[in-house]
Amino acid sequence: MRILVTGGAGFIGANYIYYLKKQHPEDRIICLDKLTYAGNLSTLEPVMHDGNFRFSRTDICDREGVFRLFEEERPDVVVNFAAESHVDRSIESPGIFLQTNIIGTSVLMDASRKYGVSRFHQVSTDEVYGDLPLDRPDLLFTEETPLHTSSPYSSSKAAADLLAMSYWRTYGLPVTVSRCSNNYGPYQFPEKLIPLMIINALSDKPLPVYGQGINVRDWLYVEDHCRAIDLVVRQGTPGEVYNIGGHNEMRNIDIVKMICREVGKPESLITFVTDRKGHDMRYAIDPAKIHAALGWLPETKFEDGLRKTVRWYLDNRAWWETIVSGEYREYYEKMYHNR
Ligand SMILES: NC(=O)c1ccc[n+]([C@@H]2O[C@H](COP(=O)([O-])OP(=O)(O)OC[C@H]3O[C@@H](n4cnc5c(N)ncnc54)[C@H](O)[C@@H]3O)[C@@H](O)[C@H]2O)c1
């Protein structure tokens with residue numbers, strides 16, 4: 001199979017490429033990535049020179065560039081991870097989120113139609129469902145839950161989901177969509193909660209927690225997400241949406257305390273900062289459909305996944321030290337200084 005993976009120099013896309021390399025070494029992988037601040041070529045260094053792998057620095061909004069790559073590679077399958085993905089950045093500058101997440105997705109689907117791919121898979125998020133109240137643990141997001149977004153990020157992802165389903169209905173493009181809960185694991189950019197806290201704790205820096213830290217997220221180890229996507233791509237039904245989640249709800253503050261314990265640092269490093277605008281209270285996925293249809297279940301327990309993740313950041317300092325010493329530092333100052 002010839003698989004075009006967009007956004008493969010980012011966190012989940014790169015993990016997916018490594019998953020494919022392990023599980024389907026016969027597949028040809030073409031990685032298309034613009035290399036924004038969140039994309040990192042050093043992440044793909046171990047596969048860059050493989051015969052069955054090609055990297056192309058292309059913007060998914062660049063119609064000509066995207067069509068040229070399709071013409072050259074004729075992919076069978078497209079898995080679209082490329083996105084602006086950070087909620088805080090979407091609150092600061094929504095425009096680029098609309099451009100990449102909506103227009104970029106439409107360009108990829110136009111090329112997929114023209115070149116007749118057998119599957120276009122859109123990687124989406126549970127954030128398209130909005131949030132749930134903290135005092136109703138019985139409520140979970142199913143695929144039937146109405147879309148009800150809170151941030152420019154989640155709105156742009158919801159728009160892309162709707163567009164994807166319309167390409168199935170209108171043009172018969174064989175589309176699938178998966179909506180996953182919060183991921184964690186190796187290669188996650190250090191602005192997201194878990195790597196940010198690990199790296200700050202390792203450097204004895206304050207651990208900035210929004211509000212009172214009581215917001216609840218459903219956490220999934222990235223490899224479990226990759227396995228789910230691969231199942232949907234190979235065995236899922238076109239025109240269907242699949243929720244992916246771990247039944248693993250945690251409050252942010254409890255995660256940060258676990259990280260302190262794991263890294264061996266005091267909880268006194270925790271500092272509470274002004275809450276994010278429109279901060280969603282709770283996300284919780286019901287993964288019953290993907291379990292029943294494709295037999296998928298999460299395999300990594302949170303304690304084990306977090307331990308592996310901390311170990312990875314300890315063993316791969318060079319990877320994140322380059323990031324935190326660069327342009328990212330200015331962004332960090334802007335977001336957390338005096339909040
Ligand atoms: N991280 C999570 O917890 C999570 C959960 C559910 C869904 N998702 C979704 O999964 C996908 C991947 O998320 P991630 O956390 O790996 O994101 P990421 O920010 O780590 O990576 C995104 C990648 O996309 C690339 N990119 C951005 N704009 C591009 C453009 N215009 N053209 C080509 N490439 C571009 C970046 O360079 C980067 O390599 C996203 O679509 C996101 O919405 C993420």
Side-chain angles (χ1 to χ4, degrees), residues 4-19 30-44 55-63 65-66 69 78-90 93 95-108 111 121-129 141 149 151-161 164 177-196 217-222 224-226 228-229 242-246 248 280 283 285 305 309 320 323 328:
L4 177 67
V5 178
T6 71
F11 165 47
I12 309 175
N15 277 281
Y16 184 63
I17 288 173
Y18 286 117
Y19 181 85
I30 306 107
C31 171
L32 175 166
D33 199 298
K34 181 183 174 185
L35 296 182
T36 67
Y37 77 94
N40 199 334
L41 259 197
S42 69
T43 301
L44 295 174
F55 178 81
S56 167
R57 185 172 192 176
T58 306
D59 184 336
I60 57 169
C61 302
D62 168 10
R63 188 168 283 271
V66 166
L69 191 63
V78 178
V79 185
N80 182 26
F81 292 93
E84 287 291 338
S85 71
H86 191 45
V87 176
D88 288 336
R89 287 182 188 252
S90 83
S93 335
I96 183 69
F97 283 71
L98 311 187
Q99 194 60 32
T100 288
N101 298 1
I102 307 173
I103 304 297
T105 302
S106 76
V107 169
L108 289 171
H121 183 72
Q122 174 68 4
V123 179
S124 187
T125 163
D126 61 357
E127 298 196 30
V128 298
Y129 297 122
F141 298 133
T149 56
S151 68
Y153 163 66
S154 53
S155 304
S156 66
K157 293 296 290 184
D161 287 11
V177 174
S178 56
R179 297 184 179 139
C180 190
S181 55
N182 278 32
N183 283 216
Y184 68 100
Y187 299 115
Q188 189 165 27
F189 194 78
E191 68 189 351
K192 303 284 171 83
L193 181 78
I194 289 182
L196 175 71
R217 300 289 180 264
D218 181 358
W219 291 91
L220 185 70
Y221 192 61
V222 64
D224 281 329
H225 185 191
C226 293
I229 291 174
Y242 297 87
N243 280 354
I244 305 171
N248 180 57
D280 286 337
Y283 303 141
I285 279 278
T309 305
W320 55 264
I323 296 172
Y328 170 66

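Keep in mind that the numbers below use all heavy atoms, side chains included, and drop hydrogens, waters and symmetry copies. For ligands, and for the atoms within them, numbers begin at 1 and follow the listed sequence. None of the values given here were measured: they were computed from a predicted structure.
Scanning for side-chain contact (heavy atoms from CB on, under 4.5 Å) contacts around Ala83 gives Asn101, Lys157, with sequence neighbours left out.
Judged by distance alone, the side chain of Ser90 and the main-chain N or O of Tyr153 form a donor-acceptor pair under 3.5 Å. Of the possible donor and acceptor atoms, none in the side chain of Asn15 sits under 3.5 Å from a partner among the backbone N and O of Val222. Side-chain atoms of Asp161 never come within 3.5 Å of backbone atoms of Val177 as a donor-acceptor pair (strictly under, hydrogens ignored). Within the 3.5 Å criterion, the main-chain N or O of Asp218 finds no donor-acceptor partner in the side chain of Asn248.
No side-chain donor from either of Thr149 and Ser154 sits under 3.5 Å from a side-chain acceptor of the other.
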Dump the pairs for me: ligand 1 N or O, protein N or O, distance under 3.5 Å, to 0.1 Å.
unit_1: ligand 1; atom_1: 3 (O); unit_2: Asn183; atom_2: N; d: 2.8
unit_1: ligand 1; atom_1: 16 (O); unit_2: Phe11; atom_2: N; d: 3.3
unit_1: ligand 1; atom_1: 16 (O); unit_2: Ile12; atom_2: N; d: 2.8
unit_1: ligand 1; atom_1: 17 (O); unit_2: Ser85; atom_2: OG; d: 3.3
unit_1: ligand 1; atom_1: 19 (O); unit_2: Ser85; atom_2: OG; d: 2.7
unit_1: ligand 1; atom_1: 20 (O); unit_2: Phe11; atom_2: N; d: 3.1
unit_1: ligand 1; atom_1: 31 (N); unit_2: Asp59; atom_2: OD1; d: 2.9
unit_1: ligand 1; atom_1: 31 (N); unit_2: Thr100; atom_2: OG1; d: 3.1
unit_1: ligand 1; atom_1: 32 (N); unit_2: Ile60; atom_2: N; d: 2.9
unit_1: ligand 1; atom_1: 34 (N); unit_2: Lys34; atom_2: N; d: 3.0
unit_1: ligand 1; atom_1: 37 (O); unit_2: Asp33; atom_2: OD1; d: 2.6
unit_1: ligand 1; atom_1: 37 (O); unit_2: Thr36; atom_2: N; d: 3.0
unit_1: ligand 1; atom_1: 37 (O); unit_2: Thr36; atom_2: OG1; d: 3.1
unit_1: ligand 1; atom_1: 39 (O); unit_2: Gly10; atom_2: N; d: 2.9
unit_1: ligand 1; atom_1: 39 (O); unit_2: Asp33; atom_2: OD1; d: 3.3
unit_1: ligand 1; atom_1: 39 (O); unit_2: Asp33; atom_2: OD2; d: 2.6
unit_1: ligand 1; atom_1: 41 (O); unit_2: Phe81; atom_2: O; d: 3.2
unit_1: ligand 1; atom_1: 41 (O); unit_2: Lys157; atom_2: NZ; d: 2.7
unit_1: ligand 1; atom_1: 43 (O); unit_2: Tyr153; atom_2: OH; d: 2.6
unit_1: ligand 1; atom_1: 43 (O); unit_2: Lys157; atom_2: NZ; d: 3.1

